[in-house]
Amino acid sequence: MTQIIASHASVWTIMLPFLSGVLCFMAGRRIGTLIGVVTAFILTILTLNLGVSVFQSGPSRYAIGGWSSPLGIDIHLDGLSVLMLGFTAIVGTCISMYAFGYFKDRKGLKKEKNKHYAKMGTYFWPLWFFAWGGLNVLFLSSDIFNIYVALEIVSFSAIALVALKGSVDALLSATRYFFLTLLGSLVYLFGVGFLYSAYGVLDLGLLETVIRPGMISTVAITLMTLGLIIKTALFPIHFWLPPAHANAPAPVSAILSGLVVMGSFYLLVRLWFETFTGVIMPVAGQLLGVLGAIAILGGALQALRQSRLKMMLAYSTVAQIGYMFLLFPLLAGNSIGQGFAWGGGIYFSISHACAKAAAFMVAGSIMYALGHDRIKDFRGLAQRFPIGVFAFALAGMSLMGLPPSGGFIGKWMLLKAAMLTGQWWYALLIVAGSILAACYIFRVLEITLKAANPGEKALHIPLRMQLSSLAMSFFAILLGLAATIPLEILKIDSPVFFQSMEGFIK
Amino acid sequence: MIMSNWLPLFILMTSFLTGIAIFFLREENHSTRSFLNIFNAVLKIFLVGLLMWGVFNGHVYEFRFPLFLGFDIVLNADSLSLLFVCLSAILWLLTTIYAIGYLKGTSNQSRFFGFFSLCVSATTGIALAGNLFTLLVFYEFLTLTTYPLVVHKGTKEAVKAGRVYLMYTLLGGAVLFFAMVWLSSLAGPADFTERGILSSVATEYHPQIIIIFFLLILGFGVKAALVPLHGWLPKAMVAPAPVSALLHAVAVVKAGAFGIIRVVYDLYGIEFCQQLKILQGLAIMAAITIIYGSIRALFQDDLKRRLAYSTVSQVSYIILGVAAIGPIATIGGIVHLVHQGIMKITLFFCAGNLAEGMNISRISEMNGVGRHMPWTMGAFTIAALGMIGVPPMAGFISKWYLGMGALQSSQLWIVLVLLLSSLLNAAYFLPIIYAAWFKDSKEVSFQGLTTKWTQNRRYLLYPPLVTAGLTLLMGIFAGLPFSPLGWVKLITLREYGH
């Protein structure tokens with residue numbers, strides 16, 4: 001019975017966002033907003049339901065329309081996909097609540113400006129639900145071509161979302177984003193083509209059983225990895241990310257940095273460690289690790305140099321993506337500490353989603369109130385917007401990896417994996433990156449704590465926006481307190497062995 | 001039985017929830033805030049008393065909350081943690097009373113008291129932590145909650161000091177994080193146990209274990225202000241007086257010292273430390289810190305800075321006692337955790353009073369202040385004499401045990417360090433006492449005490465008087481079973497296992 005409910009629920013998690021997207025578009029801004037918020041909550045309940053059923057009855061497969069693979073497309077539900085779905089829903093709901101306030105008419109603003117926001121609001125909701133739907137397809141589908149389609153849906157909605165503002169900056173960054181992400185998709189598609197021509201199957205599970213080491217497999221994997229790296233913005237192809245994320249409206253920045261990045265990262269992990277396990281060479285993992293390492297240091301150093309908060313957060317995303325990629329060298333070719341590397345990398349990506357979404361929301365609130373996000377003019381913010389600054393501090397804790405927060409748990413696990421596998425340089429790197437993160441986070445907090453400049457004008461931030469950013473940052477902290485639940489879910493049908501947690505010597 | 005396991009958590013929550021609740025209070029809502037603060041502080045003392053009674057009767061309290069992959073948050077009450085919890089609970093109450101008076105009429109009070117309570121709960125967490133992981137969690141939490149207090153004034157100087165403070169403590173935290181994960185990859189998640197648990201690690205890993213030891217000391221040493229990691233402490237003096245008082249007496253420096261005590265006794269175990277021969281290095285570090293801090297204190301004219309350097313020096317007595325092998329030195333070191341806290345908080349209260357009452361912050365301005373503020377200076381004198389180690393004050397007890405311990409383990413150089421340091425203590429405290437009581441203030445004519453002082457006199461005066469009284473009582477009644485000394489003897493008995 002639960003199986004049936006689960007399968008229906010999983011189809012609905014895909015159908016509902018697309019349906020609502022269309023409805024939002026037809027209904028216009030006011031009703032569209034309502035539809036959007038309601039849909040977000042329904043989606044959360046649906047994924048919660050899915051999570052419970054997977055927890056109780058294990059992983060499942062569901063053939064859409066009764067056509068199973070290789071003819072049809074399968075939906076594949078396991079711990080990892082449920083976890084991703086769940087956190088997309090949680091982050092998505094908070095972002096939706098935030099956007100609810102963000103695109104409303106602002107008191108104290110000129111009429112034309114408000115019109116501008118209203119227009120953005122009209123297009124935001126359909127695009128956002130298309131992106132959400134695309135992500136859900138990505139997490140559930142077990143067909144590499146179908147996944148390509150999902151990637152495209154996500155990318156195109158994301159590009160349009162970046163361009164939403166219509167300013168020159170926004171259009172330029174959207175165009176750049178467009179070219180790069182298109183390139184990424186094409187390269188990925190090439191890889192898919194190679195695989196299909198060699199093995200004649202597209203289903204991930206089937207592919208896993210037939211794939212053999214060889215020239216074609218290597219080329220295909222390289223191409224697909226390259227495509228996904230471009231989309232995830234790993235160094236050195238990260239340059240498109242900061243302007244795109246920083247110039248978008250705040251809810252969009254939160255979606256991009258929090259969720260879209262997590263989507264393509266998820267796919268890469270899924271491919272490498274489930275489908276291609278037998279074919280991957282450890283040295284490739286090391287290569288990704290080196291790129292990740294450069295991203296951690298370079299991204300953080302760039303973040304330190306930024307004068308605008310959103311730009312700083314975007315570079316911080318570059319650095320945090322680097323952390324996620326440490327999963328590859330720590331996991332590839334080792335049996336000891338696998339659980340820690342796998343759990344650490346995934347955990348890091350979900351806590352980054354929560355923390356970064358929260359941080360971008362606060363940045364948006366500050367821009368809302370002050371009309372700018374120049375860090376040096378943040379004096380006295382702690383006194384004027386205590387909730388926002390508090391939320392930023394909590395999110396910052398997770399980004400720095402201070403306990404108790406999701407980022408801390410993720411870093412602890414990665415660090416432990418680095419030590420268990422004897423890769424000391426990564427261990428040192430993880431700690432060094434945390435210190436750099438602390439530098440750029442506290443650089444902002446410090447200024448907010450300074451005594452205020454008298455007589456500065458600011459708009460009142462709607463409580464809804466403030467509370468949704470606070471809720472988001474609470475999730476980032478909660479991940480550090482209730483880590484057993486996500487980790488237990490992650491263990492379901494996990495490709496790696498979660499060994500006992502005792503030290504391996506004693 | 002189940003209830004009793006929750007008791008440590010309740011004690012933690014008394015201050016944590018108070019902090020959270022205060023954040024939501026309106027700025028003008030002074031009476032509610034003060035009521036919440038004092039009510040919960042008293043409640044906490046009561047609960048700690050309950051806990052103490054239970055532990056004395058052999059109950060075991062352990063609150064365990066699984067966090068991830070075998071790492072648990074463990075709060076438990078052993079005799080050592082009780083000592084620290086008790087100190088922090090009592091001083092929280094006193095400092096809160098003091099702070100209410102001190103901050104009257106200033107802005108951002110809700111933020112201040114909120115973080116103040118959180119800071120105390122972090123200290124409580126450190127005290128009750130049942131394993132290294134939990135200790136780290138609260139140790140970092142302490143860093144985060146004290147930072148807003150250090151920069152509370154929001155001036156350029158305060159922000160700068162805050163930056164230095166963060167730089168030191170976050171780097172220390174990072175080292176600690178690294179060392180702890182390393183240790184856990186060797187020995188698993190290690191719970192603290194009396195007499196240590198690491199002796200079971202195979203011999204070929206001993207070099208790694210030794211490196212980890214020094215990394216841990218480095219990490220804790222930042223907060224304990226071991227030279228050369230002490231740079232943040234004198235700078236952090238820009239914080240309001242109650243913050244400095246708490247920072248120096250229980251919160252930050254003590255957290256570092258307490259961490260070192262835990263590592264030596266309950267993680268490595270004193271016998272295993274001896275076997276690895278790692279304590280000698282620690283003792284030398286502590287000795288250098290003691291002498292260096294005292295010498296620097298000698299040359300400060302700013303009263304609070306002199307007290308800060310004195311803290312640098314005095315906290316290392318604790319570490320010296322730990323590092324000088326032998327039960328008697330251990331008693332001296334651990335009991336100084338309490339004694340130094342009580343004495344130093346008195347001194348900082350008094351320094352704050354001088355600044356509030358007469359706008360005096362330099363020692364050169366202190367001529368004849370004893371006449372105008374006799375009670376304050378009386379408390380100051382008692383605490384300062386205690387710091388020097390004059391009987392029957394509490395400081396004498398610590399130094400006596402330290403010296404006897406050094407003699408027992410025939411480490412004469414430690415005795416020399418103690419003597420030299422006591423001389424230096426006298427050299428920087430006695431002139432203040434002399435000037436305050438016996439010198440005449442020639443250059444400045446006395447303008448009268450500030451109105452702020454006369455209005456808030458009760459809040460500002462009672463706390464230092466109480467702590468000065470405790471300084472005397474703890475020295476005089478050191479022989480009773482429930483005195484700090486008596487309790488520390490119990491701890492030492494358990495750590496040495498005979």
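Numbered from 1 within each chain, the chains take letters A, B, ... in sequence-line order. Remember, it's a predicted structure, so these values are computed and weren't measured experimentally.
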Pick one of side chain, backbone, both or neither for [X], based on which atoms fall under 4.5 Å of a heavy atom in chain A.
X: B:Leu136; result: both
X: B:Tyr139; result: neither
X: B:Phe138; result: neither

Checklist entry - Among A:Lys450, A:Met397, A:Lys411, which residue forms the greatest number of heavy-atom pairs with chain B at distances under 4.5 Å? => result A:Lys450

Next on the checklist: Out of A:Ser434, A:Ala482, A:Ala427, return the one with the most heavy atom pairs under 4.5 angstrom to chain B.
Outcome noted: A:Ala427

Contact summary for [X] and [Y], nearest pair of heavy atoms:
X: A:Leu481; Y: B:Leu67; value: O-CD1, 3.1 Å
X: A:Glu446; Y: B:Arg163; value: OE2-NH2, 2.5 Å
X: A:Met419; Y: B:Ser185; value: CB-OG, 4.0 Å

Checklist entry - Do side-chain atoms of A:Lys416 reach the backbone of B:Ser184 as a donor and acceptor pair under 3.5 angstrom? => result yes

Next on the checklist: So A:Ile435 and B:Leu171, do their side chains get closer than 4.5 Å, heavy atoms only?
Outcome noted: yes

Checklist entry - Is there side-chain contact between B:Leu144 and A:Phe442, with at least one heavy-atom pair below 4.5 Å? => result yes

Contact origin within [X] toward chain B - heavy atom pairs under 4.5 Å:
X: A:Leu428; answer: both
X: A:Leu402; answer: side chain
X: A:Leu449; answer: both

Checklist entry - Taking the six-membered ring for Trp, are A:Trp424 and B:Phe178 parallel (under 30°), tilted (30 to 60°) or perpendicular (over 60°)? => result tilted

Checklist entry - Taking the inter-plane angle between the rings of A:Trp412 and B:Phe177 on a 0 to 90° scale, is it parallel (under 30°), tilted (30 to 60°) or perpendicular (over 60°)? => result tilted

Checklist outcome for this item: d(B:Leu166 CG, A:Leu445 CG) to nearest 0.5 Å is 9.0 Å

Checklist entry - Using non-hydrogen atoms and a limit below 4.5 Å, what part of residues 468-480 of chain A faces chain B? => result A:Gly480

Around atom [atom1] of [X], are there more than 12 heavy atoms of other residues, nucleotides or ligands at under 6.0 Å?
X: B:Gln275; atom1: CD; answer: yes
X: B:Lys160; atom1: NZ; answer: no
X: A:Ile485; atom1: CD1; answer: no

